[in-house]
Amino acid sequence: TNLRVEVEKVDTGDGDLPASGLILVRASNNQTFEYGQKIRLRGKLKTPPENEDFSYRDYLAAQRIHSYMTTAVITVLPGNNGNLIFRALYDFKDRSLENIHRLFPDPESSLLAGILLGVDTGLTDELQQAFKNTGTAHIIAISGFNISIIAGIFFALFSRLFGDRRGAAIAILGIVMYTFIVGADAAVVRAAIMGSLALFARQVGRRQTALNTLLAVALLMCLWNPLYVWDVGFQLSFFATLGLILYATPFSEFANKIITKYIPASTGERAAQLFSEFVLLTLAAQLTTIPIMAYHFQRISLVSFIANPFILPAQPAVMILGGLAVLLSHVWFALGQIAAWIAWPFVVYTVRIVELFDRVPHGT
């Protein structure tokens, strides 16, 4: 288990030395820890390593961590210093994760844990590799796609209950809370800020210019933490959004022009819309992310151009029905189980399609 620990002091042997900052600690998996616990660590502090293929040092530095303990003897001390709101959110996350594994069989439960909560550690190595090979790993990683669905659900629900203005404010608060629950990494923060700004712009009657918003959010995030520039997740998130901004509309207009030329107007427009949503939008995002994937991971998924249009249409149902099942399970588990039976086919479909396209020869 990896623990991120906020340091208060160091025992030098001759007394306690005040200290501050974060360290990463690798604990044995036979102990369970909770957010906010006070602990004493006994071990050797090291600087994270780096090699030609991967710099663990830079990866942790982007999270403001510059030291770690590979092994530690850990003693839990009395008291809890955690933020009360964060503690409640993480408790809710833990209960939700437990309910997901009770509601769904594996590997569907592990996939939903990744899609809804950002916990992908339950997926087998083979299945994780299949998602990478098919270029669909972005489904597991919380990203703009997930945040846009969450924002849409929250706004639709809360605006009906409290009106547009208050509903938007509560929806933005919900997005912020969800961001913390799933880990608040750079890609999620970028998506959350852009989603919140979109809701805000709508309420104040301003037309949002997506490119300006993206550049402003990236600037603010990199001023807050300049090391985000080298974060692969942030790079992929930024350039995927940039691809959508630059190419989505031209691609859609071109497709609409070609399709409606050969198909009657109403049917053709609907067909063009579906083709744009599930094929061209994916292509627009991939055009700007393929160079980054090739540079960092030395691989390009050729089959992703076919796999994504088959998988993406099911994802709103996976998130909405799967999320509803988890929420209902907190109220009454039997009700959540009924919703889980409805959601299960969509999750199974996602897994089976990924496995199917992973078997395509020379797909990567």
Side-chain angles (χ1 to χ4, degrees), residues 1-11 16 18-43 45 48 56 59-103 109-110 112-123 140-142 146-147 150 172-193 221 224-225 227-228 231 233 323 326-327 329-330:
T1 304
N2 287 331
L3 305 178
R4 189 168 61 173
V5 181
E6 185 176 3
V7 178
E8 293 180 348
K9 53 193 175 183
V10 177
D11 183 357
D16 291 340
S20 61
L22 297 171
I23 65 170
L24 186 75
V25 180
R26 287 184 175 165
S28 62
N29 58 8
N30 58 0
Q31 285 181 280
T32 302
F33 300 94
E34 296 177 0
Y35 163 78
Q37 280 183 325
K38 297 187 70 174
I39 58 176
R40 179 187 290 117
L41 308 171
R42 194 177 300 274
L45 278 173
Y56 196 42
Y59 173 77
L60 290 179
Q63 303 172 46
R64 304 186 188 278
I65 297 172
H66 304 282
S67 303
Y68 81 141
M69 284 185 181
T70 53
T71 56
V73 177
I74 303 176
T75 305
V76 178
L77 303 176
N80 193 309
N81 286 6
N83 180 288
L84 289 175
I85 296 175
F86 287 170
R87 200 186 311 169
L89 288 175
Y90 294 142
D91 285 345
F92 175 78
K93 179 179 181 177
D94 288 341
R95 293 197 306 273
S96 297
L97 184 61
E98 181 182 339
N99 284 2
I100 286 174
H101 286 289
R102 290 175 61 195
L103 290 168
S109 60
S110 295
L112 263 180
I115 291 174
L116 295 176
L117 302 176
V119 181
D120 60 359
T121 51
L123 290 169
I140 308 171
I142 305 294
N146 308 68
I147 295 294
I150 292 291
I172 291 171
L173 180 61
I175 292 170
V176 172
M177 294 170 65
Y178 181 72
T179 301
F180 280 108
I181 284 177
V182 299
D185 63 24
V188 181
V189 171
R190 194 278 313 156
I193 295 175
M221 289 180 65
W224 170 258
N225 185 352
L227 293 173
Y228 278 154
D231 183 272
V326 176
L327 290 175
S329 71
H330 287 282

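Sequential numbering from 1 along the given sequence is applied to the chain's residues. Keep in mind the model is a prediction, meaning the values are calculated, not measured.
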(request) Take L103 and S329, measure what side-chain contact (heavy atoms from CB on, under 4.5 Å) needs, and give me the verdict at the end. (result) CA-CA 8 Å; L103 290 168; S329 71; 4.0 Å; yes

(request) Show the numbers, then the answer: is there a side-chain contact (heavy atoms from CB on, under 4.5 Å) between F33 and V76? (result) CA-CA 9 Å; F33 300 94; V76 178; 4.1 Å; yes

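- A donor-acceptor contact shorter than 3.5 Å is absent between the side chain of S109 and the backbone of H101.
- Heavy-atom contacts from other residues, nucleotides or ligands closer than 6.0 Å to CD of E6 number 12 or fewer.
- Atom CZ of F86 sits about 13.5 Å away from atom CG of D91, to the nearest 0.5 Å.
- Taking all atoms of both residues into account, the shortest heavy-atom contact from L97 to A113 is CD1-CB, 3.6 Å.
- Looking at every heavy atom in both residues, A61 comes nearest to L227 through O-CD1, 3.1 Å.
- Atom OG of S96 and atom CG of L117 lie 6.0 Å apart (nearest 0.5 Å).
- The two residues L24 and I65 come nearest to each other via the heavy atoms N-CG2, 3.8 Å.
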Acceptor/donor pairs from residues 173-187 side chains to any protein atom, 3.5 angstrom cut, sequence neighbours excluded:
| unit_1 | atom_1 | unit_2 | atom_2 | d |
| --- | --- | --- | --- | --- |
| Y178 | OH | L116 | O | 2.8 |
| T179 | OG1 | I175 | O | 2.7 |
| D185 | OD1 | A187 | N | 3.4 |
| D185 | OD1 | V188 | N | 3.0 |

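- Within a 6.0 Å sphere centred on OH of Y35, heavy atoms belonging to other residues, nucleotides or ligands number more than 12.
- Applying the side chain to side chain donor-acceptor pair (under 3.5 Å) rule to pairs touching residues 72-83 yields E8-N81, N80-R87, sequence neighbours excluded.
- Put simply, CE on M69 and CD1 on I74 are 9.0 Å apart, with the number rounded to the nearest 0.5 Å.
- Separating the CG atom in L60 from the CZ atom in R4 is a distance of 10.5 Å, to the nearest 0.5 Å.
- Minimum interatomic distance between V10 and A19 (heavy atoms only, all atoms of both residues): CG2-CB, 3.9 Å.
- Looking only at side-chain heavy atoms (C-beta outward), M221 and N225 stay at 4.5 Å or farther from each other.
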(request) Run the numbers on L41 and I23 for side-chain contact (heavy atoms from CB on, under 4.5 Å), then give the verdict. (result) CA-CA 11 Å; L41 308 171; I23 65 170; 3.7 Å; yes

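- The minimum heavy-atom distance between Y228 and A62, with the atom names listed, is CE2-O, 4.3 Å.
- To the nearest 0.5 Å, the span separating OH on Y90 from CG on D94 amounts to 10.5 Å.
- Nearest heavy atom pair, residue T1 against residue S28, reads OG1-O, 4.3 Å.
- Note that R190 lies outside the cation-pi zone of W224, set by a 6.0 Å cut-off to the ring centre and a 45° limit from the axis.
- With values rounded to the nearest 0.5 angstrom, L22 atom CG is found 9.0 Å from R64 atom CZ.
- The number of heavy-atom neighbours closer than 6.0 Å to CG of L77, taken from other residues, nucleotides and ligands shown, is above 12.
- Contact check for V119 versus K93: side-chain heavy atoms found under the 4.5 Å cut-off.
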